[in-house]
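Step one of this worksheet: look at the structure below.
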Amino acid sequence: MRPEQNLILAIETSCDETSVAVVENGERMLSNIVASQIKSHMRFGGVVPEIASRHHVEQITQCIEEAMEEASVSYKDLSAVAVTYGPGLVGALLIGVNAAKALAYAHDLPLIAVNHMAGHIYANRLIQPLVFPLLALVVSGGHTELVYMEKDGDFKIIGETRDDAAGEAYDKIGRVLGLPYPGGKRIDEMAHQGKDSYHFPRAMLKEDNYDFSFSGLKSAFINLVHNTAQKNEEVDKNDLAASFQASVIEVLVKKTIRAAKELGVKQLVLAGGVAANQGLREELITTMKQELPDVELLIPPLSLCGDNAAMIGAAAYVEYNRQQFAGYDLNAQPGLTFDSFEEQIVNK
Ligand code: KG4
Ligand code: ZN
């Protein structure tokens with residue numbers, strides 16, 4: 001191992017992906033193993049916590065072995081073990097937290113506790129350096145947040161959803177359209193075949209804050225589908241998808257750009273599972289070129305939008321440099337937010 005080389009073994013088990021990665025200096029993936037359980041949850045129309053935990057138990061050891069093997073490193077090469085400790089499903093998080101503690105103890109390595117949402121933002125550092133101050137639009141199945149970062153490891157939520165997360169709204173209307181869980185990707189594809197003919201409302205667009213709301217849009221969508229079904233009328237599913245997507249994207253993009261302008265950031269960073277949305281990616285690129293040509297836009301590749309452990313390794317490197325380590329009493333924090341992030345870390 002070269003003296004300047006920092007190697008972090010990272011573990012992510014917050015929801016329905018068991019993932020283990022080895023990341024060099026917070027910016028280079030040596031391996032990123034992702035075992036998805038999505039097929040097991042599909043028939044239930046959502047993630048079943050007990051099933052998720054059981055799958056993590058079954059997968060975790062093999063994922064660790066594969067990540068180490070693919071990275072061609074041994075435990076003595078590692079600098080630390082990192083793990084997602086929240087937010088997420090408590091039973092799922094605990095599998096990763098306990099595996100990480102066992103590895104850290106057995107190999108006498110520091111343990112680093114990582115906020116899953118910080119991981120989504122830092123996924124971008126695996127592609128390009130982050131430049132501060134930056135604004136991150138974090139859109140996932142459980143969260144929709146605008147996060148301002150003055151420097152590494154400093155997260156301030158300046159806006160968030162008041163109700164449903166963007167991904168959650170996609171998945172709920174997907175169910176109404178009879179699509180398998182999670183419906184986000186399929187709706188995105190259908191939206192590209194249709195047009196915005198239903199003109200759903202743009203919630204909170206005009207309000208003088210950076211918050212979002214998607215439950216009114218979801219209800220308008222569901223009411224329209226039910227009302228037309230009662231009248232035995234046909235709906236154009238592609239147009240419905242396009243109309244829903246147009247409303248989500250317009251609000252997300254306009255409010256994000258307004259915030260970026262007002263805060264005078266150097267970079268705008270897209271993050272989270274919904275960052276895979278082609279419509280959102282295209283609209284952000286176009287609008288940024290027109291309205292903020294001097295602000296750099298970072299969009300992660302599709303492979304790093306969803307949950308993965310490499311992003312946890314990238315975020316952990318910041319904590320390593322600050323020597324912020326967790327003790328063996330580290331617990332899962334299912335409701336972890338950025339505000340409580342600092343309080344959870346204890347010096348080793
Ligand atoms: O970040 P993620 O993998 O898990 C959480 O931390 O929540 O995000 C998963 C979410 C799901 O709601 C899924 O439907 C959504 O991301 N998603 C999409 C697309 N691909 C995944 N939503 C819209 N368009 C997509 N292309
Ligand atoms: Zn996630």
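Each ligand, and each atom within it, is numbered from 1 in the order the structure gives. Source: prediction; values computed, not measured.
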Contacts under 3.5 angstrom, residues 271-285 side chains, donor-acceptor by atom type, not counting sequence neighbours:
residue, atom, partner, partner atom, Å
N277, OD1, Q245, NE2, 3.4
N277, OD1, G279, N, 3.0
N277, OD1, L280, N, 2.8
N277, ND2, Y170, OH, 3.3
N277, ND2, Q245, OE1, 2.9
R281, NH1, A275, O, 2.7
R281, NH1, P300, O, 3.2
R281, NH2, P300, O, 2.9
E283, OE2, T287, OG1, 3.3

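Not counting sequence neighbours, the partners of R202 by the salt bridge (Lys or Arg N to Asp or Glu O under 4.0 Å) test are D196, E250.
Side-chain contact annotation: E189 with Q193, donor-acceptor N/O pair under 3.5 Å absent. Side chain to side chain, H226 and Q230 fail the donor-acceptor criterion of an N or O pair below 3.5 Å. No side-chain donor from either of D16 and H56 sits under 3.5 Å from a side-chain acceptor of the other. Looking at S197 and D239, their side chains do bring a donor and an acceptor atom within 3.5 Å of each other.
D152 has its side chain out of reach of Y317: every pair of non-hydrogen atoms, C-beta onward, lies at least 4.5 Å apart.
The side-chain contact (heavy atoms from CB on, under 4.5 Å) test with N124 is passed by exactly one of L130, I299, L270: L130.
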Report each N/O pair between ligand 1 and the protein that falls under 3.5 Å, naming both atoms.
residue, atom, partner, partner atom, Å
ligand 1, 1 (O), H120, NE2, 3.1
ligand 1, 1 (O), G273, N, 3.0
ligand 1, 1 (O), D307, OD1, 3.3
ligand 1, 3 (O), D307, N, 3.3
ligand 1, 3 (O), D307, OD1, 3.4
ligand 1, 4 (O), D307, OD1, 3.4
ligand 1, 4 (O), D307, OD2, 3.4
ligand 1, 6 (O), H116, NE2, 3.2
ligand 1, 6 (O), D307, OD1, 3.3
ligand 1, 7 (O), G141, N, 2.8
ligand 1, 7 (O), G142, N, 3.3
ligand 1, 8 (O), G141, N, 3.4
ligand 1, 12 (O), G167, O, 3.3
ligand 1, 12 (O), D171, OD2, 2.6
ligand 1, 14 (O), D171, OD1, 2.6
ligand 1, 14 (O), G184, N, 3.3
ligand 1, 24 (N), G184, O, 3.4
ligand 1, 24 (N), N277, ND2, 2.9
ligand 1, 26 (N), D188, OD2, 3.1

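With salt bridges taken as basic N to acidic carboxylate O contacts below 4.0 Å, one links E168 and K172.
Within the sub-2.8 Å shell of the Zn ion (ligand 2), the protein contributes these N/O/S atoms: H116 NE2, H120 NE2, D307 OD1.
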